[in-house]
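The first residue of the sequence shown is numbered 1, and numbering continues consecutively from there.
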Amino acid sequence: MKTALVMRRVPGGCRGAASAFTLTQFMVAMSIFLFVIGGAISAHVFGLGMFGITQVKLAATDSARKTINLLGTDIRSAKDINIGTGSATSFTAVKPEVTQEGNALQIYPTTDTNVFVRYYVDSDKKLWRMPRGEAPALVVGGIKDPKVFTFEDFAGNTLTNLQNNFVVGVSFDFFELTDPKVPIGPGRHYQSYHLQTKIARQAAE
């Protein structure tokens with residue numbers, strides 16, 4: 001009598017054991033993950049740095065624009081302007097035959113000399129604007145040289161005697177920005193920062 005052995009596949013039978021990462025595969029996966037995370041962090045830090053630089057430069061540009069606009073409005077509409085040495089409490093105009101430069105301007109919007117606007121750089125290297133009878137208002141700070149104003153001719157030469165068509169030279173060399181407060185120099189956002197312009201009176205006579 002012969003016996004036949006028949007093997008049949010039973011549906012739903014047991015499958016092989018679940019596969020898992022080997023130690024080598026796990027280490028490779030972790031290395032890739034760390035590279036990705038490191039790259040994301042580096043990009044984020046770089047983005048924050050660029051944002052900080054951009055904010056400082058935008059603030060500096062906005063401050064410069066406001067300063068020039070304010071000075072320009074007062075100077076262009078002036079009936080008369082004196083240059084000299086000034087503070088919140090006093091002003092002394094430069095005499096004739098002397099180089100026309102100083103830390104202060106006294107601007108007269110009308111022919112009444114009792115009405116004026118004074119700009120001056122104080123001992124703290126800050127530029128202030130003070131209409132007569134009012135408290136000084138800060139314009140900008142961080143100025144190296146207080147002698148920021150000059151009277152010049154059309155060619156840019158500093159005058160010693162006034163001419164009818166003189167222009168007001170304005171020159172600020174900064175050692176820091178004030179809003180936000182950022183030092184200027186090698187290794188900083190700015191190695192140097194200089195603001196210079198010339199403004200003529202429209203009401204000159």
Side-chain angles (χ1 to χ4, degrees), residues 53 55-78 80-109 116-132 134-163 165-201 204:
I53 293 173
Q55 287 295 97
V56 168
K57 293 189 174 184
L58 287 176
T61 301
D62 185 58
S63 177
R65 178 182 57 81
K66 290 179 178 178
T67 301
I68 295 303
N69 285 345
L70 192 61
L71 276 164
T73 299
D74 287 333
I75 291 172
R76 281 192 291 268
S77 61
D80 194 15
I81 306 175
N82 285 336
I83 192 169
T85 303
S87 66
T89 57
S90 65
F91 177 82
T92 303
V94 174
K95 296 179 180 180
E97 306 298 333
V98 177
T99 302
Q100 300 292 302
E101 64 179 7
N103 77 309
L105 287 179
Q106 190 127 304
I107 302 170
Y108 302 95
F116 60 80
V117 176
R118 182 182 302 158
Y119 285 88
Y120 64 93
V121 178
D122 67 6
S123 58
D124 292 328
K125 307 301 179 64
K126 296 177 180 179
L127 176 67
W128 299 84
R129 179 182 185 271
M130 187 190 74
R132 185 177 185 272
E134 299 182 19
L138 179 63
V139 178
V140 69
I143 301 170
K144 285 184 180 180
D145 186 352
K147 291 185 178 181
V148 295
F149 301 114
T150 54
F151 284 168
E152 302 176 7
D153 62 16
F154 69 94
N157 301 308
T158 303
L159 299 172
T160 54
N161 285 300
L162 286 186
Q163 300 175 1
N165 60 345
F166 74 90
V167 298
V168 179
V170 181
S171 180
F172 301 118
D173 193 12
F174 295 95
F175 64 85
E176 72 176 9
L177 302 176
T178 54
D179 187 19
K181 190 172 182 179
V182 177
I184 294 174
R188 307 290 184 176
H189 293 303
Y190 290 101
Q191 290 192 17
S192 62
Y193 192 81
H194 189 77
L195 176 62
Q196 186 172 19
T197 189
K198 301 180 191 299
I199 307 170
R201 292 181 299 159

Could you give the distance from [atom1] ([X]) to [atom2] ([Y]), rounded to the nearest 0.5 Å?
X: Leu71; Y: Leu105; atom1: CG; atom2: CG; value: 7.5 Å
X: Ile75; Y: Ile81; atom1: CD1; atom2: CD1; value: 5.5 Å
X: Asp74; Y: Arg201; atom1: CG; atom2: CZ; value: 13.5 Å
X: Ile107; Y: Ser77; atom1: CD1; atom2: OG; value: 8.0 Å

pair [X]-[Y]: side-chain heavy atoms closer than 4.5 Å:
X: Phe116; Y: Asn82; answer: no
X: Lys125; Y: Phe175; answer: yes
X: Phe151; Y: Thr158; answer: no

Which heavy-atom pair separates [X] from [Y] by the least distance, and what is that distance?
X: Ala200; Y: Val167; answer: CB-CG1, 3.8 Å
X: His194; Y: Phe172; answer: ND1-O, 3.2 Å
X: Lys144; Y: Phe174; answer: CE-O, 3.7 Å
X: Tyr120; Y: Gly86; answer: CB-O, 3.7 Å
X: Gly156; Y: Lys198; answer: CA-NZ, 4.3 Å
X: Ala104; Y: Thr85; answer: CB-C, 4.1 Å

### Message
My understanding is that only one of Asp153, Val94, Val98, Ile83 makes a side-chain contact (heavy atoms from CB on, under 4.5 Å) with Leu159; could you say which?
### Response
Asp153
Output yes when a side-chain donor or acceptor of [X] lies under 3.5 Å from a complementary backbone atom of [Y], and no otherwise.
X: Arg118; Y: Arg132; result: no
X: Asp124; Y: Lys126; result: no
X: Thr99; Y: Glu101; result: no

### Task
Would you please say whether a donor-acceptor pair under 3.5 Å links the side chains of Glu152 and Thr150?
yes
### Task
Could you check Val170 against Phe149 for side-chain contact (heavy atoms from CB on, under 4.5 Å), going step by step and ending with a plain yes or no?
CA-CA 5 Å; Val170 181; Phe149 301 114; 4.2 Å; yes
